[in-house]
2 protein chains.
Amino acid sequence: MSKHAKEMGILKEHLGKHQLKFTRQRELILDAFLKQEHITAEEMYHQLARKDPHLGLATIYRTLNLFCEAGLAQARHFGTQTQYDNVSHKGHHDHLICTGCGKIVEFENCDIERLQEEVATRNGFTIQTHRLELYGLCSRCRH
Amino acid sequence: MSKHAKEMGILKEHLGKHQLKFTRQRELILDAFLKQEHITAEEMYHQLARKDPHLGLATIYRTLNLFCEAGLAQARHFGTQTQYDNVSHKGHHDHLICTGCGKIVEFENCDIERLQEEVATRNGFTIQTHRLELYGLCSRCRH
DNA sequence: GTTGAAATTGATAACCCGTCTCAAAAAGAA
DNA sequence: TTCTTTTTGAGACGGGTTATCAATTTCAAC
C-alpha cells in the first residue's frame with residue numbers, strides 16, 4: 001500500500017538491520033495499525049479477523065512489539081490493557097475526566113506541551129509520547 | 001493516636017459516606033501506605049507480613065483500591081504491575097518514564113499545574129487530582 | 001453489654017492479558 | 001530449486017489482580 005510507503009520503509013530498514021523477514025502478516029498488520037491513532041492487540045485481532053481469520057493473536061502481539069522496536073509504535077499501559085500508539089499520528093490530545101459522571105472532554109494545549117519538553121530536556125530525556133489526565137468535577141456534578 | 005490523623009479522618013469520612021467499616025486491617029494498611037511515596041501491593045504484602053502474617057494479599061489490593069476511591073491514593077500502571085501513589089506525599093509529583101530501561105524520574109512543575117487549572121476552568125471543571133506521565137528515552141538509552 | 005444485620009476478611013480459585021513453546025510453513029539468499 | 005533461518009498459529013503457561021465464599025468482625029439498635 002503506497003500511502004504508507006514511508007512507514008513501510010522504516011519497517012523494512014529495521015527488518016534488514018536485524019536479519020528479520022518481511023512477511024504478509026507484518027505488512028497486513030502495519031497497514032491496519034497506521035490507519036488508527038491507537039489500538040489494542042485484541043481490537044486489532046478482531047478487526048483483522050475478517051481479512052485473515054487465521055491470523056493469530058500471538059502474531060499481533062509480536063508484531064506490535066516489533067513496531068515499538070522499530071520506532072513506529074509506542075506501548076502505553078492503560079487500565080489492564082496495553083495501548084499501542086501510532087507515533088506518526090501527530091494530533092495528540094489530553095483528557096479532562098469528570099469523577100462524578102464519567103464525562104470525558106478532550107483538549108490540546110501547546111503551552112503545556114512546550115513546558116513538558118523543557119522538563120524532559122532538563123532531565124536528559126527525549127519525549128516520545130505523553131499522557132495527561134485531569135480528574136475533577138464538571139460544572140453539572142459540582143452542585 | 002496515629003501521626004496520620006488527617007488522612008485517617010479522610011478515610012473515616014469516606015467509610016461513613018459509603019456504609020463501610022473501619023477495621024484493624026484498614027488502619028494498619030493506611031499507616032504503612034502513608035509512610036511511602038508509592039508502593040505496589042506485593043511490596044506492601046511483604047512489608048506487613050512481619051506485623052501481621054495472616055494479612056491476605058486480596059485485602060491489600062482491596063484496601064489500596066479503596067484508598068483510590070477515597071482520594072488518598074492514585075493507581076498507576078507500569079509494565080505488568082500497578083503502583084499506588086501516595087497523593088498526600090509532599091504535594092503532587094509527575095513522572096518521566098524511560099521506555100528503554102524503565103527508569104522513573106519524578107518532577108514537579110508549577111507552571112504546568114497552573115496551565116492545567118486554566119484548561120479546567122475554561123471547561124467548567126474543578127480539578128481534584130491529575131496524572132502526567134512523559135514517556136521517552138533517558139540520556140543513556142538514547143545511544 | 002448483648003444482639004444481629006451487614007460488611008470484611010483470608011485462602012484460594014478463577015480470570016485476563018500477554019508471552020512462550022514447538023512443529024509446520026514461509027522467506028529469501030545461493 | 002535448495003537449504004537455512006525466521007515466522008507463524010494454536011494452545012499451554014505465567015504473573016498480577018479480582019471474584020468467591022464461609023467464617024469473622026464491626027457497629028448500630030436495643
Side-chain angles (χ1 to χ4, degrees), chain A residues 8 11-30 32-33 38-70 73-85, chain B residues 8 11-30 32-33 38-70 73-85 99 102:
Chain A
M8 205 63 84
L11 176 61
K12 283 187 176 170
E13 193 186 328
H14 180 85
L15 295 176
K17 275 185 183 166
H18 296 80
Q19 294 147 264
L20 303 176
K21 294 174 177 176
F22 186 73
T23 65
R24 184 180 58 79
Q25 288 88 339
R26 284 174 177 166
E27 182 176 13
L28 187 66
I29 293 171
L30 179 59
F33 176 69
H38 44 70
I39 194 167
T40 66
E42 206 83 31
E43 282 167 4
M44 177 161 287
Y45 181 62
H46 290 119
Q47 274 190 23
L48 291 181
R50 273 166 291 162
K51 286 196 174 179
D52 183 351
H54 295 293
L55 188 60
L57 189 53
T59 298
I60 292 179
Y61 274 107
R62 281 186 295 233
T63 305
L64 288 173
N65 287 334
L66 172 70
F67 293 171
C68 288
E69 283 153 27
Q74 163 81 51
R76 268 198 313 158
H77 302 276
F78 186 78
T80 65
Q81 293 205 131
T82 301
Q83 285 253 351
Y84 291 86
D85 290 5
Chain B
M8 206 63 86
L11 176 60
K12 283 186 176 171
E13 194 187 324
H14 179 85
L15 295 176
K17 276 186 185 166
H18 296 81
Q19 293 147 265
L20 304 175
K21 294 172 177 177
F22 186 73
T23 65
R24 184 180 60 76
Q25 289 89 340
R26 284 175 177 166
E27 182 176 14
L28 186 66
I29 293 171
L30 179 60
F33 176 69
H38 43 71
I39 196 168
T40 65
E42 206 83 31
E43 282 166 6
M44 177 159 287
Y45 181 63
H46 290 119
Q47 274 190 24
L48 292 181
R50 274 165 294 165
K51 288 195 172 178
D52 183 350
H54 295 293
L55 188 60
L57 188 53
T59 299
I60 293 181
Y61 274 108
R62 281 186 293 232
T63 306
L64 288 174
N65 287 333
L66 172 70
F67 292 171
C68 289
E69 281 155 28
Q74 186 167 342
R76 200 163 43 84
H77 303 275
F78 184 74
T80 64
Q81 292 204 133
T82 301
Q83 285 252 349
Y84 291 86
D85 290 5
T99 57

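Convention: sequence-line order gives letters A, B, ...; per-chain numbering from 1.
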Please figure out whether B:R24 or B:Q81 has its closest DNA chain D nucleotide nearer the 5' end.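 The residue mapped nearer the 5' terminus is B:Q81.
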Is the shortest heavy-atom distance from the side chain of [X] to the side chain of [Y] under 4.5 Å?
{"X": "B:D52", "Y": "B:R24", "result": "yes"}
{"X": "B:K21", "Y": "B:L15", "result": "no"}
{"X": "A:I29", "Y": "A:R26", "result": "no"}
{"X": "A:Q83", "Y": "A:Q74", "result": "no"}

For residues [X] and [Y], report the shortest heavy-atom separation together with the two atoms involved.
{"X": "A:F33", "Y": "A:A73", "result": "CZ-CB, 3.5 Å"}
{"X": "B:Q81", "Y": "B:T40", "result": "NE2-CG2, 3.6 Å"}
{"X": "B:A75", "Y": "B:C68", "result": "N-SG, 3.7 Å"}
{"X": "B:R76", "Y": "B:D85", "result": "NE-OD2, 3.2 Å"}
{"X": "A:F22", "Y": "A:L11", "result": "CE1-CD2, 4.5 Å"}

Distance below 4.0 Å between A:N65 side-chain N/O and C:dT19 OP1 or OP2: yes
Quick check, are the ring centers of A:Y84 and A:F67 under 6.0 angstrom apart? no
Output the rounded distance in Å from CD (B:E27) to P (C:dT8).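 Rounded to the whole Å, the gap is 15 Å.
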Mind calculating the distance between CD (A:Q25) and C1' (C:dA27) to the nearest angstrom?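 From A:Q25 CD to C:dA27 C1': 11 Å.
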Measuring from [X]:[atom1] to [Y]:[atom2], what's the distance to the nearest 0.5 Å?
{"X": "A:Q47", "Y": "A:L55", "atom1": "CD", "atom2": "CG", "answer": "12.0 Å"}
{"X": "A:L28", "Y": "A:L48", "atom1": "CG", "atom2": "CG", "answer": "5.0 Å"}
{"X": "B:H18", "Y": "B:L66", "atom1": "NE2", "atom2": "CG", "answer": "9.5 Å"}
{"X": "A:H38", "Y": "A:E43", "atom1": "NE2", "atom2": "CD", "answer": "9.0 Å"}

Axis-to-axis angle across the helix from C:dG1-D:dC30 to C:dA30-D:dT1, five pairs each end, nearest 10 degrees, ~ 30°
At the 4.0 Å heavy-atom cut-off to chain B, mark where contacts on DNA chain D begin and end, going 5' to 3'.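 Extent of the interface on DNA chain D: D:dG16 to D:dC27.
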Any residue of residues 54-64 of chain B with a heavy atom less than 4.0 Å from an atom of DNA chain D: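 Heavy-atom cutoff 4.0 Å gives B:A58, B:Y61, B:R62.
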Which part of the nucleic acid, if any, lies within contact of B:T82, taking any heavy atom under 4.0 Å across all strands shown: a base, the sugar-phosphate backbone alone, or nothing?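 Contact class for B:T82: sugar-phosphate only.
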Tabulate protein N/O versus nucleotide N/O from nucleotides 28-30 of chain C, keeping only pairs under 3.5 Å, one per line.
residue, atom, partner, partner atom, Å
C:dG28, OP1, A:F22, N, 3.0

Report all side-chain donor-acceptor pairs from residues 57-64 of chain A shorter than 3.5 Å, counting only partners two or more places apart or in another chain.
residue, atom, partner, partner atom, Å
A:T59, OG1, A:R62, NH2, 3.2
A:T63, OG1, A:T59, O, 2.6

With the threshold set at under 4.0 Å for non-hydrogen atoms, list the residues of residues 11-19 of chain A touching DNA chain C in residue-number order.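 The stretch gives none, as no residue of it lies under 4.0 Å from the strand.
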